[in-house]
Number of protein chains: 2
Amino acid sequence: MSQGNTRVTTQLMHAQACPMREVLDRVAGKWSVLIIVAAAQGPIRFTELERSIEGISRRMLTLTLRNLERDGLLIRTVFPTVPPRVEYELTAVARELHASLLGLTDWAERHRVTVAESRAAYDEAHGHGPDAV
Amino acid sequence: MSQGNTRVTTQLMHAQACPMREVLDRVAGKWSVLIIVAAAQGPIRFTELERSIEGISRRMLTLTLRNLERDGLLIRTVFPTVPPRVEYELTAVARELHASLLGLTDWAERHRVTVAESRAAYDEAHGHGPDAV
DNA sequence: CTGCATCCTTCTTGATACTG
DNA sequence: CAGTATCAAGAAGGATGCAG
């Protein structure tokens, strides 16, 4: 039977899938990764983040920032000036994460067109509008 | 670093953030990435996926599979046997993605403990719960 | 400037049951 | 086995207003 290696590959799967869940659970929302990318060039202020990340609401920025800080990915520094000034900076761990993320942006740039065409072809083959039926 | 380079870093940010959005939009849900990992070792059947991915519902498996196929990340092969047999296989593009993903699982394994401790420390510093004690 | 609290809407997901 | 359809629940996210 060809099922002999099923058990082996299943274990391989879990070995990769479980740490992957960790990453996903931690960086799940739409914003976490974007914030990490935005903060990768150096310390950045709250308002700068708000402007950099198109479409984020103040609420989500705050929440996501807190989560990242809590996970030890971001360092929050408050300057006791007036008006208040707060800077966010990636930790060493987060910078490593960012380095890995670079591989993904790389992939995206290489295949952006490919994927878009695939999507179009698929829609073509299955009828332009799913709602046209 | 004065404010003079703010414009430059902002552009760097967008250069990375936008392709990143592509990735995120495509692989957003909890399941897409897990499926890619599960299919990385070779063609895999519907039911095998269902068993491999702890907690996924049949519905979400189907939906996510369709999206991945639509994006040209998965190839769906139907064997006209009875009972039906369908296999899913990663495309070349998806295998490249999986390679990049490996960098993330790597990061997760290296820092799993670090992050967990950070989380605990944070909770400690901010009181276990707003109303807990 | 930075950030929290509240309310409300939308999207995602899960449970379940049925079909080829 | 592989998939579809429907319904309901919950989480994620957005808008707004107020505060240190």
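Excluded from the calculations below are hydrogen atoms, water molecules and symmetry mates; all remaining heavy atoms, backbone and side chain alike, are included. No experiment lies behind these values; they were computed from the predicted model shown. A, B, ... follow the sequence lines: proteins, then strands. Residue 1 opens every chain.
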>> What's the closest nucleotide to the side chain of B:Arg45 if the choices are C:dG3, D:dA2, C:dC1?
In response: D:dA2
>> Applying side-chain contact (heavy atoms from CB on, under 4.5 Å), can you list everything that pairs with A:Glu89, at least two apart in sequence or on another chain?
In response: A:Pro43
> Which of these nucleotides, D:dG20, C:dG20, D:dG3, is closest to any side-chain atom of B:Arg66?
Replying inline: D:dG3
> So, B:Lys30 and A:Asp25, do they make that salt bridge, N to O below 4.0 Å?
Replying inline: no
>> Whole angstroms only, please: what is the CG-C1' distance between A:Leu61 and C:dC4?
In response: 13 Å
>> Under 4.0 Å, heavy atoms only, any strand: does B:Thr62 hit a base, just the sugar-phosphate, or nothing?
In response: base
> Which parts of residues 67-78 of chain A get close to DNA chain C, meaning a heavy atom less than 4.0 angstrom away?
Replying inline: A:Arg76
>> In this structure, how many angstroms lie between the C1' atom of C:dG20 and the CZ atom of B:Phe46, rounded?
In response: 14 Å
> Over how many whole Å does the gap from B:Leu65 atom CG to D:dA2 atom C1' extend?
Replying inline: 10 Å
>> Checking B:Arg51 now: which residues fulfil side chain to side chain donor-acceptor pair (under 3.5 Å) with it, not counting sequence neighbours?
In response: none
> Looking at residues at least two apart in the chain, or sitting in another chain, which of them share a side chain to side chain donor-acceptor pair (under 3.5 Å) with A:Glu117?
Replying inline: none
> C:dT12 P sits how many Å from A:Leu24 CG, rounded?
Replying inline: 16 Å
> How would DNA chain D look in dot-bracket form, 5' to 3', counting Watson-Crick and G-U wobble pairs with both distances under 3.5 Å and writing | for bases paired to another strand?
Replying inline: ||||||||||||||||||||
> In whole Å, what is the span from the CD1 atom of A:Ile35 to the P atom of C:dG3?
Replying inline: 11 Å
>> According to side-chain contact (heavy atoms from CB on, under 4.5 Å), who are the partners of B:Arg85, at least two apart in sequence or on a separate chain?
In response: B:Arg45, B:Phe79, B:Thr81, B:Glu87
> Base, backbone or nothing for each nucleotide of nucleotides 9-17 of chain D, written B, S, -, heavy atoms under 4.0 angstrom, 5' to 3'?
Replying inline: ----BBB--
> A:Arg66: what forms a salt bridge (Lys or Arg N to Asp or Glu O under 4.0 Å) with it, not counting sequence neighbours?
Replying inline: A:Glu69
> Which pairs count as salt bridge (charged side-chain N to carboxylate O under 4.0 Å, His left out) when at least one residue sits in residues 71-83 of chain B, sequence neighbours excluded?
Replying inline: A:Arg119-B:Asp71, B:Arg26-B:Asp71
>> Expressed as a whole number of angstroms, how long is the span from B:Glu50:CD to C:dG14:P?
In response: 12 Å
> Side chain of B:Ser118, backbone of A:Arg70: donor and acceptor closer than 3.5 Å?
Replying inline: yes
> What's the CZ-C1' distance between A:Arg85 and C:dG3, to the nearest Å?
Replying inline: 17 Å
>> Which residues pass the side-chain contact (heavy atoms from CB on, under 4.5 Å) test with A:Ser100, not counting sequence neighbours?
In response: B:Leu104, B:Trp107
>> Suppose the criterion is salt bridge (charged side-chain N to carboxylate O under 4.0 Å, His left out): which pairs have a residue in residues 95-105 of chain B, not counting sequence neighbours?
In response: A:Arg110-B:Glu96
> Quick one: side-chain contact (heavy atoms from CB on, under 4.5 Å) partners of A:Val27, sequence neighbours excluded?
Replying inline: A:Ser32, A:Val33, A:Leu97
>> Using a 4.0 Å heavy-atom cut-off, does B:Phe79 contact any base of the nucleic acid, only the sugar-phosphate backbone, or nothing at all?
In response: nothing
